[in-house]
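Since the structure is predicted, the reported quantities are computational estimates derived from the model, not experimental observations. The chains referred to below are lettered A, B, ... by the order of the sequence lines, with proteins before strands, and numbering in each begins at 1.
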2 protein chains.
Amino acid sequence: MEKIFKALADRNRLRILKMLERRPLCVCEVTSVLEMAQPNASRHLGILREAGLIEDDKSGRWVNYSLSDQGDEMVSAILAYLKGWGNEDPLFKADRQKAATADRRRLCR
Amino acid sequence: MEKIFKALADRNRLRILKMLERRPLCVCEVTSVLEMAQPNASRHLGILREAGLIEDDKSGRWVNYSLSDQGDEMVSAILAYLKGWGNEDPLFKADRQKAATADRRRLCR
DNA sequence: CCTACATATGCATATATATAGATATACCGA
DNA sequence: TCGGTATATCTATATATATGCATATGTAGG
């Protein structure tokens, strides 16, 4: 439980969750949107995964991360409430815009 | 939102929330149960209050803290789910036991 | 007022967490 | 198998958070 809240208690990880609401993303897409170093993004994603907030789906050399849909009750409830929050935040909106237009074939090379 | 999760991302603060499920407590009672320094307990309570998770009710020289019952949706939902979690945890059980028998007139002198 | 007590705040320090940079691992295609 | 690419891990450092101690604030009662 503490692990779940620790995972949520970081602005960049909340940004990741908000952009995953739109669609699953691979590490390089998240890296691109957050404009941070790739190892850093990978680490944040790992923390969210360990907490059960997101799931990873490895396909080839990519790892697609998506919001968890079978976590425990607390996780499901929090993810649901998060969807109705922060949608007018300029930063989250910009992130989503970037995520929407991100193309991994352009980004990751 | 981030402030809420930061407040929840600490074992001692989760202990406080679990013991407040039973009944409101003053700072010295929380201090006694957690066996930590009084300023430390006061600080944790302040963080929980700032996050809207608990409310303070000053009566005389005591300040009674209780679970918030009019927070935003996320807070209410989390507090509700927390009530169904960890009730078999030995530490939480011991805390509740101590809180149940705590008497501020004996403790705070 | 003055004292005693409950609570809160300031400050220094220890500890945990985030970030940066280098490198390792895993996978695909030629 | 080799080279390129996506992802993960390691180490060091910066930054944030928790704790301990001293002290301030605020209140009740004499």
Side-chain angles (χ1 to χ4, degrees), chain A residues 1-17 19-20 24-51 53-66 91 99 102-109, chain B residues 1-17 20 24-51 53-66 99 102-109:
Chain A
M1 185 63 71
E2 197 181 333
K3 187 186 287 188
I4 295 173
F5 293 130
K6 277 188 195 297
L8 289 161
D10 181 274
R11 182 151 186 78
N12 284 327
R13 289 195 286 270
L14 285 177
R15 289 173 71 187
I16 292 175
L17 291 179
M19 65 178 92
L20 289 182
L25 296 168
C26 67
V27 180
C28 74
E29 289 170 320
V30 172
T31 300
S32 164
V33 173
L34 294 184
E35 296 180 41
M36 59 169 43
Q38 175 273 325
N40 201 358
S42 174
R43 196 160 166 63
H44 281 306
L45 287 164
I47 290 170
L48 289 169
R49 175 170 40 75
E50 282 295 310
L53 288 156
I54 64 177
E55 297 165 353
D56 60 336
D57 174 30
K58 301 186 209 303
S59 79
R61 52 188 156 175
W62 283 285
V63 179
N64 291 304
Y65 283 98
S66 53
L91 181 56
D103 178 359
R104 74 183 53 174
R105 277 158 300 189
R106 287 189 180 187
L107 286 172
C108 314
R109 58 180 178 181
Chain B
M1 185 62 70
E2 198 182 330
K3 187 185 287 187
I4 296 172
F5 293 131
K6 278 188 195 297
L8 291 160
D10 182 275
R11 181 153 187 77
N12 285 326
R13 289 195 288 270
L14 285 178
R15 288 173 71 186
I16 292 174
L17 291 179
L20 289 183
L25 297 169
C26 68
V27 181
C28 74
E29 289 169 321
V30 172
T31 300
S32 164
V33 174
L34 294 184
E35 295 180 42
M36 58 167 45
Q38 175 273 323
N40 200 0
S42 175
R43 239 182 255 286
H44 281 306
L45 287 163
I47 290 170
L48 289 169
R49 175 170 40 75
E50 282 294 310
L53 288 156
I54 64 177
E55 296 165 355
D56 59 336
D57 175 27
K58 301 186 211 301
S59 79
R61 51 189 157 177
W62 282 285
V63 180
N64 291 305
Y65 283 97
S66 54
D103 179 358
R104 73 183 55 176
R105 277 158 302 189
R106 286 189 181 185
L107 285 172
C108 314
R109 57 179 178 183

Whole angstroms only, please: what is the NE2-P distance between B:H44 and C:dT7? 16 Å

Can you tell me how far apart CD1 (B:I4) and CZ (A:F5) are? Round to the nearest 0.5 Å. 10.0 Å

Check A:S59 against A:N64 and note the closest heavy-atom contact, atom names and distance. OG-ND2, 3.6 Å

Give the rounded distance in Å between these two atoms: CD1 of B:I47 and C1' of C:dT7. 16 Å

Are the side chain of B:T31 and the backbone of B:V27 linked by a donor-acceptor contact shorter than 3.5 Å? yes

Over all atoms of both residues, closest heavy-atom pair of B:A7 and B:L48: O-CD2, 4.0 Å

Could you walk me through whether B:M36 and B:H44 pass side-chain contact (heavy atoms from CB on, under 4.5 Å), step by step? CA-CA 11 Å; B:M36 58 167 45; B:H44 281 306; 3.9 Å; yes

Starting the side chain at C-beta, find the nucleotide from D:dT7, D:dA8, C:dA18 nearest to A:C28. D:dT7

Salt bridge (charged side-chain N to carboxylate O under 4.0 Å, His left out) filter on B:E55, not counting sequence neighbours, yields none

Write down the distance between CZ (A:R15) and P (C:dA18), rounded to a whole number of angstrom. 15 Å

Take atom CG of B:D56 and atom P of C:dT7, then tell me their distance rounded to the nearest Å. 11 Å

Nearest to the side chain of A:V63 - D:dT7, C:dT19, C:dT7? D:dT7

Distance col, row A:L17:CG vs A:L8:CG, nearest 0.5 angstrom, shows 6.5 Å

Report, as a single string ordered 5' to 3', how protein heavy atoms within less than 4.0 Å touch nucleotides 24-30 of chain D: B base, S sugar-phosphate only, - not at all. ---SS--

Distance in angstrom units between B:I54 CD1 and C:dT7 P, rounded: 12 Å

Nearest 0.5 Å, please: how far is CD in B:E50 from CG in B:L45? 12.0 Å

With sequence neighbours excluded, residues passing salt bridge (charged side-chain N to carboxylate O under 4.0 Å, His left out) with B:R13: none

Okay, side chain of B:K3, backbone of B:A51: is any donor-acceptor separation there less than 3.5 Å? no

Nearest-Å distance, CG (A:D57) to C1' (C:dA26)? 16 Å

How many Å lie between CG on B:L14 and C1' on D:dA18, as a whole number? 15 Å

Check side chain to side chain contact (heavy atoms under 4.5 Å, CB included) between B:R49 and all other residues, then give those that pass, not counting sequence neighbours. B:I54, B:D56, B:Y65

Each nucleotide N or O in nucleotides 9-13 of chain C that has a protein N or O under 3.5 Å away: list the pair and distance.
{"residue": "C:dG10", "atom": "N7", "partner": "B:R43", "partner atom": "NH2", "Å": "3.2"}
{"residue": "C:dG10", "atom": "O6", "partner": "B:R43", "partner atom": "NH2", "Å": "2.5"}
{"residue": "C:dC11", "atom": "N4", "partner": "B:R43", "partner atom": "NH2", "Å": "3.3"}

N/O-N/O pairs, protein side and nucleotides 14-17 of chain D side, under 3.5 Å:
{"residue": "D:dT17", "atom": "OP1", "partner": "B:K6", "partner atom": "NZ", "Å": "3.2"}

